[in-house]
Amino acid sequence: MDHIDVPFLDLVTPHVEMEEQLVAEFRAALRTAGFIGGKPVDNFEAAFAEFCDTRYCVGVGSGTDALRFALTAAGVAPGDSVLTVANTFIATTEAITQAGAMPEFVEIDERTYNIDPRKLREHLEQNCDRDPESGRPRSRRTGQTITAIVPVHLYGQMADMDPILKLAEEYNLLVIEDACQAHGAEYFSNEQQRWRKAGSIGIAAAFSFYPGKNLGACGEAGAVTTNDPQIVDMSRKLRDHGQAAKYYHDVEGYNGRLDAIQARILYAKLTHLPLWNMERRRLARHYNERLATVEGLVAPFEPQWSRAVYHLYVVRVQDRQEMQNILKGAGVATGIHYPVPLHVQQAYRALGYSNGDLPITERVSAEILSLPMYPQLNQERQAKVIKQIKECLMVPSSASR
Ligand SMILES: *Cc1c(COP(=O)(O)O)cnc(C)c1O
């Protein structure tokens, strides 16, 4: 067992397994020269909307496109401020900025690593004034009106949506889900007494089909999901140069379409997604059973109301650098998602945040370590990851020096 290497991700195996089917899809595209739009895109949109329990899905060029179009279509406009978290991929805030708005960060929950609804309330109550006309909060930090919240369902686990929706209603805010890591994740709504799918709760949501996501294209792709026909209409325009009909442009849009080859591939893969997600949950359970009691390691926390799909399996350790090095030396690859929170990234120095502004986010980002997690991770490889981690933490650190 000691000689096998464990890669962080295995994207080759699923594609080899599906090779015949995927090649047939590509051949069908060649023989019809249907590369953009058309039936393959319609078919995938219908199937993915059904998967997400939404009325509509609009296929677009990437997750970043999806989030940007969803924000704009929902009504986020230049001069707005939008609340989100700093422990996420930069695409979350890029989309906010590209929609003309300014990101403003809220602290995360130390156990779930997602937006903390109590901190969200505190932020709205303590750092904002109320605009008497719209009822919306005006941020004292930016002087701008806050119009939306973007909860990120990070690592495949949904944010605590009931209290977020309640606050959004109270403050007249739009909720746009960043579901780019959460295809198929579920949340038990106490309010509605039912399980709800990621992407079906906010006014709109964004998904990414970047190859490494739980549902990945063979290239770039993304989707907006919503129940709102007006958001569908606007998202369709935005992805296609603002066109209502060919060469009739209602607004200025983008080149942000989902291509037909990716749509065919995604349609074929979508049938496997429930099984792949089940495999991820099974692997997570096994990791938990073996690691949760290991001293010096914090395993992921899945609340009662959550069914996470484990896009990533993230643990926390004090000396992350040392653990990552030891694992690497033993042939186990790991990742960090994400090493530098957005509020202290170089790209956002103009926002005026500094170290210490989000202490939980900062502490978490210094300790998180993503372990290998993918449906094709076999028992032998997972056992090796677990063994190496245990060895690393059980050796007193004085002896390891
Ligand atoms: C992947 C991802 C995105 C962006 O998706 P792309 O398809 O790469 O543009 C946005 N937000 C989060 C949280 C992501 O993980």
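As the structure lists them, so they are numbered: ligands from 1, and atoms in each ligand from 1.
- Distances between N or O atoms of Thr88 and those of ligand 1 include no value under 3.5 Å.
- Near Gly63, meaning under 4.0 Å from any of its heavy atoms, are these atoms of ligand 1: 5 (O), 6 (P), 7 (O), 9 (O).
- Residue nearest to atom 3 (C) of ligand 1, selected from Gly222, Ala179, Cys180: Cys180 (by heavy-atom distance).
- Taking the six-membered ring where the residue is Trp, the centroids of Phe209 and Phe48 are separated by under 6.0 Å.
- Some N or O of Lys213 is nearer than 3.5 Å to an N or O of ligand 1, by distance alone.
- Taking CH2 from Trp276 and CG from Leu270, the interatomic distance works out to 9.0 Å, rounded to the nearest 0.5 Å.
- Figure legend: Arg141 and Tyr353 shown as a cation-pi pair, the cationic atom lying under 6.0 angstrom from the six-membered ring centre and within 45 degrees of its axis.
- Judged by distance alone, the side chain of Glu252 and the main-chain N or O of Gly242 form no donor-acceptor pair under 3.5 Å.
- Not a single N or O atom of Phe209, backbone or side chain, sits closer than 3.5 Å to an N or O atom of ligand 1.
- Close approach of ligand 1 to Thr92 is summarised as follows: ligand atoms under 4.0 Å from at least one heavy atom of the residue are 11 (N).
- Using modelled atom types, one finds a donor on one side chain and an acceptor on the other under 3.5 Å when comparing Thr92 with Asp178.
- Under 4.0 angstrom from ligand 1, the non-hydrogen atoms of Thr64 come from both its backbone and its side chain.
- Close contacts between ligand 1 and Asp178 involve ligand atoms 10 (C), 11 (N), 12 (C), 13 (C) [criterion: under 4.0 Å to a heavy atom].
- Between the side chains of Lys384 and His3, no donor N or O sits under 3.5 Å from an acceptor N or O.
- Aromatic pair His183/Phe207: centroids less than 6.0 angstrom apart.
- With respect to Arg316 and Glu110, a salt bridge is recorded, a charged nitrogen being found less than 4.0 Å from a carboxylate O.
- Considering Gly156, Ala182, Ala91, Ser208 only, the shortest heavy-atom separation from atom 8 (O) of ligand 1 involves Ser208.
- In this structure, of His337, Arg68, Gln181, the residue bringing a heavy atom nearest to atom 15 (O) of ligand 1 is Gln181.
- Shown in contact with Ser62 at under 4.0 Å from a heavy atom are these atoms of ligand 1, numbered in order with element: 7 (O), 9 (O).
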